[in-house]
Protein chains: 2
Amino acid sequence: MDNYNDHKKILLAVDCIIFGFDNQNLKILLIKRNFEPEKGRWSLMGGFLHTDENLDDAAIRVLNQLTGLHNIYMEQLRTYSAIDRDPVERTVSVAYYALINITEHTAEINENYSAKWFNIDEAPDLIFDHKLMVANAMLRLRRRALSKPIGFELLPKKFTMKQLQTLYEAILGETLDKRNFINKINALDILLKTEEKDMNSSRKGSYFYTFDEEKYKFKVSDGFTFRL
Amino acid sequence: MDNYNDHKKILLAVDCIIFGFDNQNLKILLIKRNFEPEKGRWSLMGGFLHTDENLDDAAIRVLNQLTGLHNIYMEQLRTYSAIDRDPVERTVSVAYYALINITEHTAEINENYSAKWFNIDEAPDLIFDHKLMVANAMLRLRRRALSKPIGFELLPKKFTMKQLQTLYEAILGETLDKRNFINKINALDILLKTEEKDMNSSRKGSYFYTFDEEKYKFKVSDGFTFRL
DNA sequence: TCAAAAGTGTTCACCGTACACCCATGG
DNA sequence: CCATGGGTGTACGGTGAACACTTTTGA
């Protein structure tokens, strides 16, 4: 009844919504397209699926090619298939979103490709349906931030409570009460307070914390669920 | 730098995880495959993407072809792309899940295609990565059931509180306290109690309710969020 | 009259939220 | 000594969970 040969094959692409945090604002990394169509306009980082890789690998490859980064948190978002989403040829695109901590990787992010960070609310118009992808990624990020400790992917290894709170405020788009926020975080019991202080932000200095991934994993395997 | 012609096209399929509820158990609809490979084994309902339709339309078409049903709740789940997931040819598949109320549509569901309902925990082995798809769909269904009133998609228009509770117990995989459940549902204030009673389940009879979609939509537009 | 399912409220513990003052330090 | 950001605790109300008895009616 169904035969593989009866069906047209089509191009499969991946597009990456790359989030970063500069201790102030949530940002996305965009590139200026250097090929047609829509050459010169801003776009998500994308590429086509190769036959010897799966989609996750393709997304990792694309991200690596355009930023030089390895070991980045990525997650499949959803697949976009509007018939005319790409004017040149029928292309279905699988969107991924990635979280990068900008501060530790500034050097590695390759500016050769005209890549540039934009504040999430100051991003330029994007080609195709990329704006929709970003909007969906933003919603997903918000949900995830409340149910998984993904925030730490966006921060340097050592960070202050203030940084963490500012990040969550940027992601959630609302201000949070300092005491309640710290109480919640401490109740989770997945951070290590270091001896070290950040002396740049204030005269008193504020302690650096690190995310205790071991402890977190152990607690999860013990039935614990992160919930902010 | 990137050229559309440099890239191989591949087959794109959709596979549907179809959930139903028979007032007792949560079920999925499977078909016995009548073509190679894996002919004769159980499988999700699937088909290939046509060039003149998007993925949502393809999923709707596949579902309609194999069940005769229209206007079914469907949602894209995620995309599966392991290199060797289909032994015949590289195929990427986008999974959708659908919710059907069995009781009102028994007649329409076409048995010509060897389609059969299985209890979710008594389903046979499935081809390819379909088992993984079902597991993911189940997780998604659980999450959705708590945050959107999708349960009503699985029930007849008129249903009793008992039915509703049994459904939620089946979805969540745990028993619920009758009083707490009813209190919660009533607090949501999105059901209409009819005058009519179901006299089959007991001598006393139990009232039928209907989901008040108008009211629900109004409340949502007013900032209300469903939360069980 | 009895069996079987329907229907109905209250109490309590915990969690989330609101809220304000002192501390340490460098200039 | 003062200005700036860092750090800390409590009280209250609301929500979620535990829990048992009465009602109806057909057989």
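Lettering of chains follows the sequences in order, A, B, ..., and the numbering in each one begins at 1.
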Within residues 174-190 of chain B, those residues having any heavy atom closer than 4.0 Å to DNA chain D are D177(B), R179(B), N180(B), K184(B)

Check ring-ring contact (aromatic ring centres under 6.0 Å, His included) between F118(A) and all other residues, then give those that pass, not counting sequence neighbours.
W42(A)

Sorted by number, the residues of residues 199-208 of chain A with heavy-atom contact under 4.0 Å to DNA chain C
R203(A), K204(A)

Among residues at least two apart in sequence or on other chains, which ones pass salt bridge (Lys or Arg N to Asp or Glu O under 4.0 Å) with E196(B)?
K158(B)

Looking at residues at least two apart in the chain, or sitting in another chain, which of them share a side-chain hydrogen bond (donor to acceptor under 3.5 Å, both in side chains) with N54(B)?
none

Residues in ring-ring contact (aromatic ring centres under 6.0 Å, His included) contact with F152(A), at least two apart in sequence or another chain:
F159(A), F211(A)

Check salt bridge (Lys or Arg N to Asp or Glu O under 4.0 Å) between E104(A) and all other residues, then give those that pass, not counting sequence neighbours.
none

Non-neighbouring partners of F226(A) that pass ring-ring contact (aromatic ring centres under 6.0 Å, His included), sequence neighbours left out
none

Taking any atom under 4.0 angstrom from a heavy atom of chain A, which nucleotides of DNA chain C are the first and last to qualify, 5' to 3'?
dT17(C) to dG27(C)

Set of salt bridge (Lys or Arg N to Asp or Glu O under 4.0 Å) partners for R41(A), sequence neighbours left out
E38(A)

With sequence neighbours excluded, what pairs up with D22(A) under the salt bridge (Lys or Arg N to Asp or Glu O under 4.0 Å) test?
K27(A)

Nearest-Å distance for atom pair NZ/C1', residues K197(A) and dT4(D):
14 Å

Please give, in whole Å, the distance from dG5(D) P to D198(A) CG?
13 Å

Taking the six-membered ring of Y207(A) as reference, does the cationic atom of K193(A) (NZ for Lys, CZ for Arg) lie under 6.0 Å from its centre and within 45° of its axis?
yes

Any side chain to side chain donor-acceptor pair (under 3.5 Å) pairs touching residues 215-228 of chain A, not counting sequence neighbours?
D189(A)-K215(A)

